[in-house]
2 protein chains.
Amino acid sequence: MRIGELAKATGTKAETIRYYEREGILPAADRTDSNYRDYSDEHLATLIFVRRARALGFTMAQVRELLALSDHEDKPCRDVDQLVQRQLGEVTRKIADLTSLQNELQHMLRSCQADRIGECRIVESLARPLR
Amino acid sequence: MRIGELAKATGTKAETIRYYEREGILPAADRTDSNYRDYSDEHLATLIFVRRARALGFTMAQVRELLALSDHEDKPCRDVDQLVQRQLGEVTRKIADLTSLQNELQHMLRSCQADRIGECRIVESLARPLR
DNA sequence: CTTGACCTTGTAGTTACTACAAGGTGCATA
DNA sequence: TATGCACCTTGTAGTAACTACAAGGTCAAG
């Protein structure tokens, strides 16, 4: 698939895709005879992954690390283990925070549907468990 | 509490705190006789909220919206409802993505602990449910 | 044969910070 | 009393991760 198609499929600007290639986040695509980038389904999957990971608050460096886990066949288990452990900790913390926020939003929604204004604990939803 | 104390308590640079004040994300603090910013516990809670929300991938504009829900007493339920609905959708999607990623990381960890290298589906963990 | 998608290099704007510098006040402590 | 550190202000500039142009060129479908 060509860059425009990939851009559309992932909601990413073509310029951003080229930027990811320059930054080594997305592997360079094959080229057609006319020098157009020709993306595979793996490229598509990787790009979706990158975009989601970024939307979840991971930095480019973290995305790089996560992607590196993909070819951990090369590296000894011990090395990979530490990295996975660290990422897992962060992911778990994010889920906890989001779940707390989700609960409060649902609470607000229930209050609204009952057409009464409940007290709002939205700030507390994330602020409370001070780690 | 003074800015340095607040900075330390939240892991935020003092300069960032002043920046949030300029941007209207954090309400201006009271001032001491010597013109030092004097923060309350509510400021602390709000700042923790802002930092977490940012780390979870919300933009400043979205954080502003979330904070605005705090004083929804002023506005009719219908208006708030829509906003909450929208935020809830995003939060739920983020949780789903993170849970999927968490599962894959845990799977990798189990493989590593058994000292064998499992096949890696980390990219697929986020790429699969193409919405 | 024109129109639109693609190619390149390069510059500059945006968001959300982060880091200085310069010049000044407040205040605790040696 | 002097030193030093935390704070104040305004301002400029750097960083990360894009995003948007422009200029100049190639390619291919209608």
Side-chain angles (χ1 to χ4, degrees), chain A residues 1-40 43-44 46-68 87 90 94 97 126, chain B residues 1-40 43-44 46-68 87 90 94 97 126:
Chain A
M1 76 198 310
R2 300 200 311 195
I3 201 166
E5 206 181 335
L6 182 63
K8 206 166 180 184
T10 60
T12 312
K13 304 282 154 68
E15 279 158 329
T16 304
I17 296 173
R18 291 189 203 103
Y19 166 75
Y20 284 157
E21 184 182 312
R22 280 199 305 282
E23 295 298 307
I25 285 281
L26 197 63
D30 288 348
R31 296 298 180 118
T32 64
D33 292 351
S34 46
N35 201 32
Y36 285 7
R37 286 172 182 82
D38 187 20
Y39 292 99
S40 67
H43 281 103
L44 174 64
T46 303
L47 183 52
I48 293 172
F49 178 87
V50 170
R51 294 257 94 193
R52 298 241 172 113
R54 293 282 303 115
L56 293 169
F58 293 98
T59 64
M60 293 276 270
Q62 289 173 319
V63 171
R64 246 180 265 270
E65 284 190 354
L66 285 166
L67 286 173
Q87 297 284 5
E90 179 153 0
K94 279 177 195 271
D97 281 350
L126 289 189
Chain B
M1 78 197 309
R2 300 199 310 194
I3 201 166
E5 206 180 335
L6 182 63
K8 206 166 181 184
T10 59
T12 311
K13 303 281 152 68
E15 279 158 329
T16 304
I17 296 172
R18 291 190 203 105
Y19 166 75
Y20 284 156
E21 184 182 312
R22 280 200 304 283
E23 295 298 307
I25 284 281
L26 197 64
D30 288 349
R31 296 297 180 118
T32 64
D33 292 351
S34 47
N35 202 32
Y36 286 6
R37 285 172 182 83
D38 187 19
Y39 292 99
S40 67
H43 282 103
L44 174 64
T46 303
L47 183 52
I48 293 171
F49 178 86
V50 170
R51 294 257 93 192
R52 298 240 172 114
R54 294 281 306 116
L56 293 169
F58 292 98
T59 64
M60 293 276 271
Q62 289 173 319
V63 172
R64 245 180 266 271
E65 284 190 355
L66 285 166
L67 286 173
Q87 296 284 5
E90 180 154 357
K94 278 177 196 270
D97 281 349
L126 289 190

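Numbers restart at 1 for each chain; the letters A, B, ... are given by sequence-line order, proteins then strands.
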Where do A/A14 and A/A7 come nearest, in terms of heavy atoms and distance? N-CB, 4.0 Å
Mind jotting down which residue pairs meet the ring-ring contact (aromatic ring centres under 6.0 Å, His included) criterion with at least one end in residues 14-36 of chain B? Sequence neighbours excluded, please. none
Can you list everything that forms a salt bridge (Lys or Arg N to Asp or Glu O under 4.0 Å) with B/R51? Sequence neighbours excluded, please. none
For DNA chain C, which residues in residues 23-35 of chain B have a heavy atom at a distance below 4.0 Å? B/S34
Footprint ends on DNA chain D, 5' to 3', for atoms under 4.0 angstrom from a heavy atom of chain B, come out as D/dA6 to D/dT9
How far apart are the closest heavy atoms of B/L126 and B/D97, and which atoms are they? CD2-O, 3.1 Å
Does A/R2 make a side-chain N or O approach to OP1 or OP2 of C/dA5 shorter than 4.0 Å? no
Give a yes or no answer on whether the side chain of A/R2 reaches the backbone of A/L6 with a donor-acceptor pair at less than 3.5 Å. no
Report the end-to-end axis angle of the helix from C/dC1-D/dG30 to C/dT14-D/dA17; each axis comes from five terminal pairs, and the value is rounded to 10°. 30°
Provide the closest heavy-atom pair for A/L26 versus A/L47 in the form atom of the first, atom of the second, distance. CD1-N, 4.0 Å
Can you name the residues that form a ring-ring contact (aromatic ring centres under 6.0 Å, His included) with B/Y39, not counting sequence neighbours? B/H43
Side chain to side chain contact (heavy atoms under 4.5 Å, CB included) with B/E65: which residues, sequence neighbours excluded? B/L83, B/R86, B/Q87
Distance in angstrom units between A/L6 CG and C/dC7 P, rounded: 11 Å
Within the structure provided, determine whether A/L44 and A/T10 are in side-chain contact (heavy-atom separation under 4.5 Å). yes
Interface polar pairs with nucleotides 16-18 of chain C, N/O, under 3.5 angstrom:
| unit_1 | atom_1 | unit_2 | atom_2 | d |
| --- | --- | --- | --- | --- |
| C/dA16 | OP1 | B/M60 | N | 2.9 |
| C/dA16 | O3' | B/R54 | NH2 | 3.2 |
| C/dC17 | OP1 | B/Y20 | OH | 3.2 |
| C/dC17 | OP1 | B/R51 | NH2 | 3.1 |
| C/dC17 | OP2 | B/Y20 | OH | 3.1 |
| C/dC17 | OP2 | B/R54 | NE | 2.8 |
| C/dT18 | OP2 | B/T16 | OG1 | 2.8 |

Who passes side chain to side chain contact (heavy atoms under 4.5 Å, CB included) against B/R64, sequence neighbours left out? B/E23, B/I25, B/M60
Side chain to side chain contact (heavy atoms under 4.5 Å, CB included) with B/N35: which residues, sequence neighbours excluded? B/R31
Residues in salt bridge (Lys or Arg N to Asp or Glu O under 4.0 Å) with A/E5, at least two apart? none
Please identify each residue that fulfils side chain to side chain contact (heavy atoms under 4.5 Å, CB included) with B/D38, with sequence neighbours left out. B/D30, B/T32
